[in-house]
Amino acid sequence: MVRTRFAPSPTGYLHIGGVRTALFCWLFARGQGGEFILRIDDTDQQRNVESALAPILHGLKWLGIDWDEGPDIGGPYGPYYQSQRQDNYRAAAARLLASGHAYLDYATPEEIAAEREAAQKEKRPFLYSRKYMAATPEQQAEFAGQGRSAVVRLKMPREGKLVLDDLIRGRVEFDWALEQDHVIQRADGSCLYHLASVVDDNDFEITHVIRAEEHLSNTPRQIFILQALGYPLPVYAHLPFVAEPGSKNKLSKRKLDTYLKNRDFAQVNEHGQAIAQALGLEVAKETFNPVVVDFYEQVGYLPDAIINYLALLGWSLDDQREFFTRDELIQSFSLDRVGKAGASFDPKKLWSFEDHYMRELEPTKKLELMLPYLQRAGLIADPAPAADLDKLAQIIAASGDRLKVAGDILAYADFFFAPELTYDQDAFEKRLRKPGAADLLARYRETLAALATWDVATLEQATHEFLNAAGIKIGDIIHAIRVATTGKAVGPGLYDCLAILGREETLRRIDQSLAAI
RNA sequence: GGCCCCGUCGUCUAGAGGCCUAGGACACAGCCCUUUCACGGCUGCGACACGGGUUCGAAUCCCGUCGGGGUCACCA
């Protein structure tokens, strides 16, 4: 049985790179008929683990990445928080100590640092002298007598090589003599990440460790622990990084300001910020931007689009398939089709997947998705009146491909529901204050008022007849009509807008605009 | 700096010696369509990091150089 795990530390937000890793673990497990486990790496014991974890679990759920065992649902191998498994780690550290694979070290951090600096100065690789290694009870007593306290260090081999067969990297060799005697347990008894990680992977019976490339150089010490404990080795697969837009640097939340200078990133960001603002959301740029998954949920992206895009970030099936349903992804995903080079995150390409999936979404689904946005903006009541629902369906149909994310509905529908028309000032000046515009608009109003029926076809025909009679071209008036009735320079097709508005409201708005000119 | 990984269009990638005067997608530019916006159609721009080998033949194999990245914690 294949078992993979994703082990986030509770940071308070779900990073796009982290999701990609989780996705590959999940895809692989599901494709193999295996299990996907969530484990929380909180050995650092921060205060509000629960609140820092919630957004991460929520984000994964939103994307449809589900787990078989984890902190919220438990499982046969629980608990799934490392902070609650310290006893296991301590027991392992004790075994390592007993078997001579680790030792008590009484050096102070300053002494270690001094040795490291000396080595650096002499340009030789640093290796701890083991000067304060206490091999016997006598030595322990002596060092302790000096007021020193002990940490547990790994006693790494100082000769030979480790050969790692990575599923993605292939064969990778490391010199044992270059591996440090890492601390695995602090003086206060708390255990560190590498020990914890390895012990848990074994306890959870993880068969495939699929993680980001940054862990590749940590692998030797982890394998050392595994072997010392007599545990079987999992299969390793180190994924290439998700890199910054337009660069090869690892994507990080820290460098937001740099990304904002990237045109594509900035564009996607601004679009999202505008929607957040229309919703009245209070957002901080540190937690609400295209690096954070929550951004996409708030703005109204489709999980399928994100999953599809992310799957292709470092993986491909062949030279033609681009669009995959979840099941197809699970069916076709394989680790040997994962590339080795880092892949940079391209917000515009994600956008194009979003475009594709939104376009294919059933109208009823779109409505379901978009209605809450209008309700949150206070434009439609909750529960929604049938008339509003009907109107919204018409607006969505009329907007067609213009709606890329659910939040876009705000810009395309607000003027249908808002009690008062608000004008785009530039458009108002340009289209309505234009000489002759008011006069034409007033005459057009009479044409509309005289119409026997009120639908798109009639409106279009009547408008063209009006143009002929007036001896003008459509471009001479259509913009004025749009601004006068919707307040905006852009929107769904004009006849659609008028049809949805209805005769009474259309005439009312034209009159109001005429008065405002 | 040591160690490790990586290196095909701006980006994601196809390519496992001849199918490659290197294919697709996104982006970009231009044109067409058009009442705005968006869509759509067409066209264009655009890459095998470099240098040596091996071979009849190399993007594909080998070596070197250069470049990029990661990692070197009593963080995870």
Side-chain angles (χ1 to χ4, degrees), chain A residues 7-11 41-44 82 105 107-109 112-113 116 119-120 123-126 149 151-153 164 166 168-170 172-175 177-180 182-188 190-194 196-197 212-220 238 240-241 243 245-250 263-264 309 312-323 339-353 355 359 399-404 408 411-412 427 431 460 463 467 473-483 486 488-495 497:
Chain A
S9 41
T11 52
D41 281 11
D42 61 344
T43 51
D44 216 17
Q82 290 196 323
D105 180 52
T108 63
I112 296 288
R116 183 176 289 117
Q120 206 155 40
K123 296 198 166 158
R124 62 178 161 79
F126 165 65
S149 55
V151 298
V152 179
R153 278 185 194 279
L164 168 67
D166 189 279
I168 293 169
R169 310 275 138 192
V172 184
E173 291 189 5
F174 296 89
D175 234 330
L178 265 10
E179 294 298 320
Q180 303 299 321
H182 284 278
V183 174
I184 54 174
Q185 186 173 18
R186 296 186 180 97
D188 67 3
S190 62
C191 293
L192 275 342
Y193 170 74
H194 291 291
S197 179
E213 191 186 343
E214 60 185 300
H215 287 288
L216 187 55
S217 43
N218 295 151
T219 310
H238 287 94
F241 282 116
S247 128
K248 290 295 178 197
N249 292 28
K250 185 173 91 165
R263 187 179 64 166
D264 295 343
Y309 169 72
L312 259 20
L313 206 54
W315 173 84
S316 69
L317 180 64
D318 54 33
D319 61 340
Q320 24 197 305
R321 290 288 305 276
E322 276 242 282
F323 297 110
K340 295 179 180 181
S344 63
F345 174 62
D346 181 352
K348 271 298 188 61
K349 184 131 188 177
L350 202 197
W351 178 263
S352 79
F353 276 94
D355 181 23
R359 194 180 290 238
S399 300
D401 299 336
R402 295 171 182 84
L403 303 167
K404 307 295 189 194
D408 282 339
Y412 283 92
R431 303 303 187 184
E460 184 163 3
T463 303
L467 296 176
K473 286 179 299 189
I474 188 137
D476 296 330
I477 188 174
I478 195 149
H479 302 291
I481 302 170
R482 177 183 292 283
V483 177
T486 71
K488 300 192 176 193
V490 302
L494 182 66
Y495 306 119
C497 286

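Side chains are part of it too, since the values below use all heavy atoms of this structure and drop only hydrogens, waters and symmetry mates. Convention: sequence-line order gives letters A, B, ...; per-chain numbering from 1.
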Q: For C28(B), take OP1 and OP2 only and decide whether either is under 4.0 Å from a side-chain N or O of Lys348(A).
A: yes
Q: Quick one: Trp351(A) CH2 to A38(B) P, roughly how many Å, whole number?
A: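 In whole Å, A38(B) P and Trp351(A) CH2 are 11 Å from each other.
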Q: By nearest atom, which of the nucleotides C26(B), C37(B), C6(B) is closest to the Lys340(A) side chain?
A: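 Closest nucleotide among those given: C6(B).
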Q: What nucleic acid atoms does Gly493(A) come within less than 4.0 Å of, heavy atoms only: base, sugar-phosphate, or nothing?
A: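 Counting heavy atoms under 4.0 Å across all strands, the contact made by Gly493(A) includes a base.
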Q: To the closest 0.5 Å, what do you measure between SG (Cys497(A)) and CD1 (Ile481(A))?
A: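 One finds 11.5 Å between SG of Cys497(A) and CD1 of Ile481(A).
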Q: What's the closest nucleotide to the side chain of Arg116(A) if the choices are C37(B), A73(B), C12(B)?
A: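 Selected nucleotide: A73(B).
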Q: Roughly how far apart are Lys348(A) NZ and Asp355(A) CG, rounded to 0.5 Å?
A: 11.5 Å
Q: Strictly by Watson-Crick or wobble contacts shorter than 3.5 Å, is anything paired with G17(B), and which nucleotide is it?
A: none
Q: Which listed nucleotide (C6(B), A76(B), G2(B)) is nearest to the side chain of Tyr193(A)?
A: A76(B)
Q: Write down the distance separating the P atoms in U21(B) and G41(B), rounded off to the nearest Å.
A: 29 Å
Q: Sticking with atom C1', work out how far A16(B) lies from A59(B), rounded to a whole angstrom.
A: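 One C1' to the other, the span is 11 Å.
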Q: Are a donor atom and an acceptor atom from the side chains of Ser190(A) and Arg186(A) found within less than 3.5 Å of each other?
A: yes
Q: Please state the P separation for the pair G7(B) and C61(B) - nearest whole angstrom.
A: 10 Å
Q: Heavy atoms under 4.0 Å, any strand shown: does Ala480(A) hit a base, just sugar-phosphate, or nothing?
A: nothing
Q: Return the nearest nucleotide to the side chain of Leu313(A); candidates are C12(B), A73(B), U35(B).
A: C12(B)
Q: Report yes if some heavy atom in the side chain of Leu164(A) is under 4.5 Å from a heavy atom in the side chain of Leu216(A); otherwise report no.
A: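 Leu164(A) vs Leu216(A): side chains touch.
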Q: Give me the distance, rounded to whole Å, that separates C37(B) from C20(B) when you measure between the P atoms they each carry.
A: 41 Å
Q: Considering every strand and a 4.0 Å limit on heavy-atom distances, what is the contact class for Glu322(A): base, sugar-phosphate, or nothing?
A: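 Here Glu322(A) touches the backbone only, sparing every base.
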Q: Roughly, in whole Å, what's the span from CG in Asp41(A) to P in C75(B)?
A: 14 Å
Q: Suppose we define a pair by two distances each less than 3.5 Å, Watson-Crick or G-U wobble; what does A25(B) pair with here?
A: U11(B)
Q: Just to confirm, is there a sub-4.0 Å distance from OP1 or OP2 of G70(B) to any side-chain nitrogen or oxygen of Lys250(A)?
A: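 Checking G70(B) against Lys250(A), no side-chain N or O comes under 4.0 Å of OP1 or OP2.
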Q: Over how many whole Å does the gap from Glu214(A) atom CD to C6(B) atom P extend?
A: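 Taking CD of Glu214(A) and P of C6(B), I get 17 Å after rounding.
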Q: May I have the distance from Glu213(A) (atom CD) to C3(B) (atom C1'), rounded to whole angstrom?
A: 14 Å
Q: How far, in whole Å, is U60(B) from A49(B) if one measures between their P atoms?
A: 8 Å
Q: Picking from U35(B), C39(B), C5(B), which would you name as closest to the side chain of Val172(A)?
A: C5(B)
Q: Looking at every strand, decide which applies to Arg263(A) at a 4.0 Å heavy-atom threshold: base, sugar-phosphate, or nothing.
A: sugar-phosphate
Q: Is any side-chain heavy atom of Lys250(A) closer than 4.5 Å to one of Glu214(A)?
A: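 With C-beta onward as the side chain, the pair touches.
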Q: Report the base-pairing partner of C45(B) (Watson-Crick or G-U wobble, both distances below 3.5 angstrom), or none.
A: none
Q: On a whole-Å scale, what distance lies between the P atoms belonging to G68(B) and A58(B)?
A: 29 Å
Q: With respect to the phosphate group of U35(B), does any side-chain polar atom (N or O) of Lys488(A) fall under 4.0 Å of OP1 or OP2?
A: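 No, Lys488(A) has no side-chain N/O under 4.0 Å of OP1/OP2 on U35(B).
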Q: At 4.0 Å (heavy atoms only), tell me whether His238(A) reaches a base, stays on the sugar-phosphate, or touches nothing.
A: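 No contact.
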Q: Can you check the Lys404(A) NZ to A38(B) P distance for me, whole Å?
A: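 Result: 9 Å.
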Q: Parallel under 30°, tilted from 30 to 60°, perpendicular over 60°: which one fits the rings of His215(A) and Tyr193(A)?
A: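 Judged by the thresholds at 30° and 60°, the geometry between His215(A) and Tyr193(A) is tilted.
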Q: Hey, does Gly475(A) reach any base, or is it just sugar-phosphate, or nothing, if we go heavy atoms under 4.0 Å?
A: nothing
Q: Given G40(B), C12(B), U71(B), which nucleotide is nearest the side-chain atoms of Arg359(A)?
A: G40(B)
Q: Is any side-chain N or O of Lys349(A) under 3.5 Å from a base N or O of A27(B), one able to act as donor and the other as acceptor?
A: no
Q: May I ask which nucleotide in the shown strands pairs with C33(B), Watson-Crick or G-U wobble, both distances under 3.5 Å?
A: none
Q: Rounding to the closest angstrom, what is the interatomic distance between G1(B) and U65(B) at atom P?
A: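 Taking atom P in both G1(B) and U65(B), they lie 14 Å apart.
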Q: Taking CD from Gln180(A) and P from C4(B), how many angstroms apart are they, rounded to a whole number?
A: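 In whole Å, C4(B) P lies 14 Å from Gln180(A) CD.
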Q: Working to the nearest 0.5 Å, report the span between CD of Glu322(A) and CG of Leu317(A).
A: 11.5 Å
Q: Think Arg431(A) has a side-chain N or O under 4.0 angstrom from the OP1 or OP2 of U36(B)?
A: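 Arg431(A) to U36(B) OP1/OP2: no side-chain N or O under 4.0 Å.
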Q: Look at the side-chain N and O atoms of Arg186(A) and state whether any lies under 4.0 Å from the OP1 or OP2 oxygen of C75(B).
A: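 Answer is yes, contact under 4.0 Å.
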Q: To the nearest Å, how far apart are Lys123(A) NZ and G1(B) C1'?
A: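 One finds 7 Å between C1' of G1(B) and NZ of Lys123(A), rounded.
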Q: His479(A) has a side chain; which of A76(B), U35(B), C4(B) sits nearest to it?
A: U35(B)
Q: Check this for me: does the side-chain of His194(A) come within 3.5 Å of the base of A76(B) through a donor and an acceptor?
A: yes
Q: Of the nucleotides U36(B), A76(B), A27(B), which one has an atom closest to the side chain of Arg482(A)?
A: U36(B)
Q: Could you label the plane-to-plane angle of the Phe353(A) and Phe323(A) rings as parallel, tilted or perpendicular, counting under 30° as parallel and over 60° as perpendicular?
A: perpendicular
Q: Among the candidates A76(B), C3(B), G68(B), find the nucleotide nearest to the side-chain atoms of Phe174(A).
A: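 Side chain of Phe174(A) sits closest to C3(B).
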Q: Under 4.0 Å, counting only non-hydrogen atoms across every strand here, what does Leu494(A) touch: a base, just sugar-phosphate, or nothing?
A: base
Q: Hey, are the side chains of Tyr309(A) and Phe345(A) touching, using non-hydrogen atoms and a 4.5 Å cut-off?
A: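 Heavy-atom side-chain distance check passes, below 4.5 Å.
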Q: Output the rounded distance in Å from CZ (Phe241(A)) to P (G70(B)).
A: 6 Å
Q: Across all strands shown, which nucleotide pairs with A38(B) by Watson-Crick or G-U wobble geometry, both distances under 3.5 Å?
A: none
Q: Using both distances under 3.5 Å as the test, list the Watson-Crick or G-U wobble partner of A59(B), or none.
A: none
Q: Would you classify Ala341(A) as touching base, sugar-phosphate or nothing, given that sugar-phosphate means primed atoms plus P, OP1 and OP2, and contacts are heavy atoms under 4.0 Å?
A: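 Sugar-phosphate contact only.
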Q: Taking the nucleotide of RNA chain B with the nearest heavy atom to each, does Asp318(A) or Val151(A) sit closer to the 5' end?
A: Asp318(A)
Q: Would you classify Asp188(A) as touching base, sugar-phosphate or nothing, given that sugar-phosphate means primed atoms plus P, OP1 and OP2, and contacts are heavy atoms under 4.0 Å?
A: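 Contact class for Asp188(A): none.
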Q: What nucleotide, of G69(B), A14(B), C37(B), holds the atom closest to the side chain of Ser316(A)?
A: A14(B)
Q: Should U71(B) form a Watson-Crick or G-U wobble pair with both distances under 3.5 Å, which nucleotide is its partner?
A: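 Check on U71(B): paired to G2(B), both distances under 3.5 Å.
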Q: Within less than 4.0 Å of OP1 or OP2 of C3(B), is there a side-chain N or O belonging to Ser217(A)?
A: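 The answer is no; no side-chain N or O of Ser217(A) sits under 4.0 Å from OP1 or OP2.
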Q: Which value, in whole Å, describes the distance between the C1' atoms of nucleotides G52(B) and U71(B)?
A: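 After rounding to an integer number of Å, I get 32 Å for this pair.
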Q: Need one value for Glu173(A): base, sugar-phosphate or nothing, where a base atom within 4.0 Å counts as base even if backbone is also close, heavy atoms only.
A: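 Counting heavy atoms under 4.0 Å across all strands, the contact made by Glu173(A) is with sugar-phosphate only.
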